[in-house]
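Accompanying notes for the structure given below.
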Number of protein chains: 2
Amino acid sequence: MKTKEEVVMKTERTAKMYEELVALCAQAGEIGSLMGAIGWDQYVMMPQGAKAVEVRSRENSALSALHHELVTSPRIGELLQHIDVATLSGAEAAQVYEIQEVYKRVVGVPTELVAQITKLATEAEMVWRKARSSNDFALFQPYLEQLVAFKREEARCIDPSSKPYEVLLQGYEPGMTLDKLDKIFAGVRSVCVPLIQEIANRPKPDVSILCKEVPMELQVAYNKMLAVLLGYDFENGRLDTSTHPMTCGYGRVTNRYTSGWLSALLGTAHEVGHGNYEHNLPLEHYGTPLGTYRSLGVHESQSLLMERHIAKSYAFWQGNFRYLQAMYSPALNGVTTEQFYQMVNLVEPELIRVEADELTYTMHIVLRYEIENALMDGSLAVKDLPRVWNRKMKDLLGVVPPNDTLGCLQDIHWTDGSFGYFPTYTLGAVGAAQLFAGAKAQLPTLERDLTHGDLSSLNNWLKDNVHQHGCRYSSDELYRLATGNELTVEPYLAYLKEKFTNLYKL
Amino acid sequence: MKTKEEVVMKTERTAKMYEELVALCAQAGEIGSLMGAIGWDQYVMMPQGAKAVEVRSRENSALSALHHELVTSPRIGELLQHIDVATLSGAEAAQVYEIQEVYKRVVGVPTELVAQITKLATEAEMVWRKARSSNDFALFQPYLEQLVAFKREEARCIDPSSKPYEVLLQGYEPGMTLDKLDKIFAGVRSVCVPLIQEIANRPKPDVSILCKEVPMELQVAYNKMLAVLLGYDFENGRLDTSTHPMTCGYGRVTNRYTSGWLSALLGTAHEVGHGNYEHNLPLEHYGTPLGTYRSLGVHESQSLLMERHIAKSYAFWQGNFRYLQAMYSPALNGVTTEQFYQMVNLVEPELIRVEADELTYTMHIVLRYEIENALMDGSLAVKDLPRVWNRKMKDLLGVVPPNDTLGCLQDIHWTDGSFGYFPTYTLGAVGAAQLFAGAKAQLPTLERDLTHGDLSSLNNWLKDNVHQHGCRYSSDELYRLATGNELTVEPYLAYLKEKFTNLYKL
């Protein structure tokens, strides 16, 4: 047994090491955060001339090299080895655990392999662009084969005892397993496929009004107002225009106005959900796990909650459509709230994922999940991808791409080997439904508040139950504390069934 | 005598070390360049809420720490010690010399002293703001005394054998001596003081038109067009609006529209001069001395050339005023080019430096130069600053500040100890006149080209003779190669005499 002095000394030693570890981690995190701000600059502000691009690319290389040194610092490894977690508080122990998980991943992969993947990814993206525009999958095939091989090797380096795809998935969604994911997707499949088939036989709402033009200035003005209404903090954040909507760096969200006024509006809601999460992370832990978003799935749950459960809800538009209608006049003249709600929620199987509606979107993810999983466990060869893709499209959505450009060549994700990323979209949708149901149960006036355009109680609830925790809890624990249950697909399925049964009078 | 093999080996060893040195220096320079882009973001784009400010301040601390490690890397010292400069080309030797000069300065000052100055500067700036707004010099006095003491100590650490003020000055203007500067300022004093006195007795042009309002959109449009006309590369650069006009980061210049349309226009010309210099630095040396501006004085010569020798010239407006008049109609209706030229060049002694015209501006710098110099050599005590300031204002400009807010408390420069910075404004004015005279002598059609709004020959000349050289040559050598002479005050004095004698019919 240890003497009291020994215990005190050990605690003090650990306290010191903990402080050093967190400081190292925060420095790396702050540089990472700066890389986000610089990325935003690149997409939104930076002139795209060759000289400006070259200067930035040199600046980025210099900073990436420094960042890599920070995150792989052997000192982090030493500290992790010697810290006595038993003497730490719960939050501190969580901090150390998360730092360790990330550290294991970054130091596990040989620098040589990282460099090979980076190099291949740059080439693969260029080849993919060519393959996509010329509908030539064979051109891309060898690159994808090599990417699959490299990523399997990467996964093996990180954890040789787990399935490669699960290891990669956990890079985006820590703690997620293929078993859990299989259950979620099985549930989604069982509910969505029949729903989509039934809806296909129902009359569609007239959506010609969505193509009406609304002057840009009005759209920008309305979207800013909408962002404020959804709780976006313009004191500490911006909303700009870029080619693709995104959230990048602290307080930087963007949107686009090139896909019509409805898409712009939904994009704003989506990115504001991401932005609010970032703004409400605890600043005192900025750059460290306790001050960082829990996972990509949880991040997406925040954006999809705003997009789907607010900006696609009847409750919200019931009270707020008339303002939109007034501002966008005459484009929306004569449209009723009910008609608008139907347009916003049109279900129509599409070939392209990013153009899909709420209900069919998840089918695109099921397809990609099944394919990624099979590519990684070797049960699907890359050369068979187009055939399998098209067959699955038929099964899931009843439509078949006429070519690979509109099929398996449509996404950029695989060109840099981001296998395991796609499922986080669905985890976000599932999480959003569960959180929204949880909030509704705990906030009796929520529906009425939404109708009045008052999101303060919802946003406070999200801040208290999700945002402020950073990585303090695992995803499952986070959902359990907020809603009483681990992440489960049931609320999502119930939500989809109720919404679309009513909408299409099934 | 060395054998041929020994010589070859030594050359090869040096070549390797040179390559490593330049790579280290470039990495630090690229991070420095990124700090410029981030600074731009902070002033122009970043929301100013408390949380956004705190995140950025943490990001900045993390990056500054890394940057400091890079520029003080002991490896740079080792390489500098072992490189055999005799085996290098002229450009390479210049590169090594410049790296050494900067390195000596950064490693010469103890980290402790740097930290003390940084801490004091932060406090001093806050106290200065309070002292300025409450006209209370006594409040600021002890801070300024401590800053003077620290900066004298800093200078002593860098070079104990030189005068402290000269050492500090050379941080902004390498190679400049107090002897040379004394000669320049004596010349300026002898010409400007009588000119200003003579002009005081002449009738002033009516400048009421300068207060007319021009819609913001028209101003932004005209200033963009003017920037293009002056050669600004919008493919690789931006022109934005900020509280103060500035150039910060690669291809980022800003302007303001809050001080009237004429001030905005001159501000654009000024910043475009800076921006063009940055855009024309040789990109292959980016981040290293060969790819960096020569000195603050040379940088300012580029901005003042555009502002004074173009945007305040008769030749330029002779051909281009009519376009401005048409765009800003009706504000400038009925104004002749001659009248406009007179307004642009109004001479009127002011209390505030930043509001001063071309002729009186230099008097503000003479005053600050003499005071800084005396503070640093101990011949002036900080407590006597207000008295000496006011006496010099009377001697130089014939006006006396009614209080210290409008007198010795007006500038921010001393609050962070930037002693030696002010003279670079005058070095820029002197350099601009010399370069413009040189260009005129070598480009016979220059005046006509300006009238036609064609600056291509001038800009090519500046690129070839100044911009592309980076720090390849010392300032004096740079001026000598471009104009046949070291930097000399004569062309500047001749220019002022001719211009203002004609303007005011003296």
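The chains referred to below are lettered A, B, ... by the order of the sequence lines, with proteins before strands, and numbering in each begins at 1.
- With a 4.5 Å cut-off on side-chain heavy atoms, Arg56(B) and Tyr250(A) do not count as touching.
- For residues 26-35 of chain A, heavy-atom neighbours of chain B at less than 4.5 Å comprise Gln27(A), Glu30(A), Ile31(A), Ser33(A), Leu34(A), sorted by residue number.
- Listed by chain and residue number, Arg58(A) satisfy the side chain to side chain donor-acceptor pair (under 3.5 Å) test with Glu54(A) (two or more places apart in sequence, or in another chain).
- Within 6.0 Å of the CD atom in Glu284(A), the count of heavy atoms belonging to other residues, nucleotides or ligands exceeds 12.
- Side chain of Arg238(A) to main chain of Met45(B): a donor-acceptor pair is present (N/O by atom type, distance under 3.5 Å, no hydrogens or angles).
- The salt bridge (Lys or Arg N to Asp or Glu O under 4.0 Å) contacts involving residues 243-257 of chain B comprise Asp41(A)-Arg252(B), where partners must be two or more places apart or lie in separate chains.
- Asp233(A) meets the side-chain contact (heavy atoms from CB on, under 4.5 Å) test with Glu235(A), Asn236(A), His279(A), Lys51(B); sequence neighbours excluded.
- Other residues, nucleotides and ligands contribute more than 12 heavy atoms inside 6.0 Å of the OH atom of Tyr257(B).
- Between chain A and the residues Leu283(B), Val53(B), Asp240(B), the most heavy-atom pairs under 4.5 angstrom are made by Leu283(B).
- Considering only heavy-atom pairs separated by less than 4.5 Å from chain B, the leading option among Gly249(A), Ala62(A), Gly251(A) is Ala62(A).
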